[in-house]
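Just below is one structure, and these are the notes that go with it.
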Amino acid sequence: MTRVAICGGAELRSACLVLGLEETRSAPRLVLVDLRSADEALRAAAFSPDIQRIVVASPEQASVVAAIGGDRVLVAATADPADLGPLVARALPRAVPERTRVITVTAARGGTGRTLCAANLGRRLAADRTVMTVDATGTGALGWWLGADARPWSELEALAAELRAEHVELVATSVTSRLSVVGGAPAVPTAEVLATTIGAARELADIVLVDAPLLGDERARAASIRSDRTLVFSYADAASRAILAAAHVPASVWIIGSQGPLAGAFRTLPRDERSVGDALRDRARIGGALGRAYDELAELLAIDAT
């Protein structure tokens with residue numbers, strides 16, 4: 001986690017948790033300041049002026065900051081993770097991960113086969129490593145595809161303030177000796193609990209695979225920020241292309257074309273209704289042309305993880 005100084009209240013701290021930022025008073029890489037809160041600018045002044053600042057400011061404050069702040073101050077209109085995230089990415093030097101540990105699967109819109117792929121990647125990657133899958137959609141669909149009755153998110157939400165790896169391990173449902181699933185219906189997790197769960201799961205498994213909601217959802221953003229690799233599934237229609245164009249898509253994202261060619265896609269999955277139908281009947285590992293495409297994708301992720 002990136003260590004930062006947080007000069008602000010609960011809203012700013014909650015955003016930092018979603019963004020995977022850890023509070024510290026010693027040698028922070030960034031100082032985040034909410035100027036809308038009294039005395040926070042004075043607290044921030046205790047840190048070296050050489051450390052990059054990100055400030056949350058009202059429109060009136062923003063104009064003053066912009067005039068005197070210089071290159072080491074970036075200004076956000078709100079403390080929402082969607083506003084702060086791009087500024088954090090801009091302020092920090094791009095880090096190249098040593099290996100992929102956390103993979104998030106999301107989509108531009110529904111019906112692209114995101115959960116089917118997440119379940120099948122989980123089965124394939126678990127052949128020779130431990131994999132913890134996380135259903136962040138609240139539908140229970142990932143557990144259904146894996147043949148497991150995952151326990152509801154409410155069991156972890158109750159521990160939000162003190163959630164640790166041992167809590168996640170207790171609520172994880174075993175699928176095989178190397179594969180487990182966390183999170184079930186009927187409710188979605190909060191972005192904060194999801195972010196903490198992903199961090200805890202990282203301590204428990206070789207690979208964490210997150211089935212996230214659609215690209216614009218705060219849970220998808222929280223998961224993607226904490227991931228080493230994100231897969232975004234999309235159709236080639238105009239609406240899906242517009243969503244992709246409007247999204248903040250970092251270099252760690254692989255765009256996956258669903259059921260047909262998609263310009264700029266890292267990989268394209270074939271349309272294979274027969275194999276999907278066979279897998280639906282038994283909730284089994286999918287075969288056929290689509291299964292072979294999943295094999296290839298899993299192999300690339302396995303290489304990425306070493």
Side-chain angles (χ1 to χ4, degrees), residues 14-15 17-20 80-82 85 100-123 125 131-146 148-160 163-165 167-173 175 179-205 207-234 243 247-250 252-254 256 301:
S14 176
L17 179 61
V18 172
L19 295 171
D80 189 281
T100 292
R101 291 287 307 281
V102 182
I103 302 160
T104 286
V105 184
T106 181
R109 66 182 183 88
T112 56
R114 174 196 73 232
T115 300
L116 176 63
C117 183
N120 274 271
L121 289 178
R123 289 185 184 278
L125 291 168
V131 178
M132 182 168 284
T133 61
V134 179
D135 186 347
T137 69
T139 63
L142 182 60
W144 187 90
W145 273 111
L146 292 173
D149 187 15
R151 295 164 70 171
W153 277 105
S154 57
E155 296 188 23
L156 291 177
E157 292 287 348
L159 300 166
L163 186 58
R164 297 189 297 274
H167 300 133
V168 174
E169 188 173 26
L170 281 172
V171 303
T173 301
V175 179
L179 179 62
S180 60
V181 59
V182 173
V188 296
T190 60
E192 291 81 5
V193 164
L194 176 61
T196 307
T197 298
I198 293 170
R202 195 180 183 115
E203 300 178 27
L204 300 169
I207 291 180
V208 181
L209 185 60
V210 184
D211 181 22
L214 299 184
L215 193 56
D217 188 282
E218 64 174 342
R219 282 158 288 270
R221 293 195 297 269
S224 186
I225 287 166
R226 281 183 161 263
S227 296
D228 305 304
R229 180 69 64 195
T230 299
L231 278 58
V232 178
F233 283 66
S234 179
I243 293 169
H248 173 65
V249 179
S252 60
V253 167
W254 290 351
I256 308 296
L301 288 168

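Just so you know, these numbers come straight off a predicted model, no measurement behind them. Position 1 is the first residue of the sequence; numbering continues from there.
Taking CD1 from Ile256 and CG from Leu231, the interatomic distance works out to 4.5 Å, rounded to the nearest 0.5 Å. Atom CH2 of residue Trp144 and atom OG1 of residue Thr115 lie 11.5 Å apart, to the nearest 0.5 angstrom. Taken from CZ in Arg109 to CZ in Arg114, the straight-line distance is 12.5 Å, to the nearest 0.5 Å. In this structure, Ser180 OG and Glu169 CD are separated by 9.0 Å, a value rounded to the nearest 0.5 Å. Atom-to-atom distance recorded for Arg151:CZ and Leu156:CG is 8.5 Å, nearest 0.5 angstrom. The CG atom of Asp211 sits 9.5 Å away from the SG atom of Cys117 when rounded to the nearest 0.5 Å.
Residues Val168 and Met132 have side chains in contact (heavy-atom distance under 4.5 Å, counting atoms from C-beta outward). Side-chain contact between Thr173 and Asp149 is absent, with no heavy atoms from C-beta onward closer than 4.5 Å. Side-chain contact between Trp254 and Val232 is absent, with no heavy-atom pair separated by less than 4.5 Å. Residues Val193 and Trp153 have side chains in contact (heavy-atom distance under 4.5 Å, counting atoms from C-beta outward).
Judged purely by atom type and a 3.5 angstrom limit, Arg229 has no side-chain atom pairing as donor or acceptor with the backbone of Ile103. Using a distance-only test at 3.5 Å, with no hydrogens or angles considered, a donor-acceptor pair links the side chain of Arg219 to the main chain of Pro189. No donor-acceptor distance shorter than 3.5 angstrom exists from the side chain of Asp217 to the backbone of Pro213, with no hydrogens or angles considered. In terms of modelled atom types and a separation under 3.5 Å, the side chain of Glu157 and the main chain of Thr190 share a donor-acceptor contact. Judged by distance alone, the side chain of Ser224 and the main-chain N or O of Ala220 form no donor-acceptor pair under 3.5 Å.
Between Ala136 and Leu194, the shortest heavy-atom contact is CB-CD2, 3.7 Å. What you find for Arg226 and Gly20 is that their closest heavy atoms are NH2-CA, 3.8 Å. Of all heavy-atom pairs between Leu204 and Ala165, the closest is CD1-O, 3.4 Å. Residue Pro186 comes nearest to Pro152 through the heavy atom pair CD-CB, 4.4 Å, listed as atom of the first residue, atom of the second, then distance. Between Ala172 and Val182, the shortest heavy-atom contact is CB-CG2, 3.7 Å.
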Step-by-step side chain to side chain contact (heavy atoms under 4.5 Å, CB included) determination, Arg123 to Leu146
CA-CA 8 Å; Arg123 289 185 184 278; Leu146 292 173; 4.0 Å; yes

Test side chain to side chain contact (heavy atoms under 4.5 Å, CB included) on Glu192 and Val18; report intermediate values, then the result.
CA-CA 5 Å; Glu192 291 81 5; Val18 172; 4.0 Å; yes

Pair Phe233, Thr106 - check side chain to side chain contact (heavy atoms under 4.5 Å, CB included), show working.
CA-CA 6 Å; Phe233 283 66; Thr106 181; over 6 Å; no

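Checking Val175, Leu209, Val134 one by one against Val181, the side chain to side chain contact (heavy atoms under 4.5 Å, CB included) holds for a single residue, Val175.
Of the N and O atoms on the side chains of Thr137 and Thr139, at least one donor lies less than 3.5 Å from an acceptor on the other residue. Checked by atom type, the side-chain pair Thr104/Thr230 shows no donor-acceptor distance below 3.5 Å.
Under the 4.0 Å criterion applied to side-chain N and carboxylate O atoms, Arg202 and Asp228 are assigned as salt-bridge partners.
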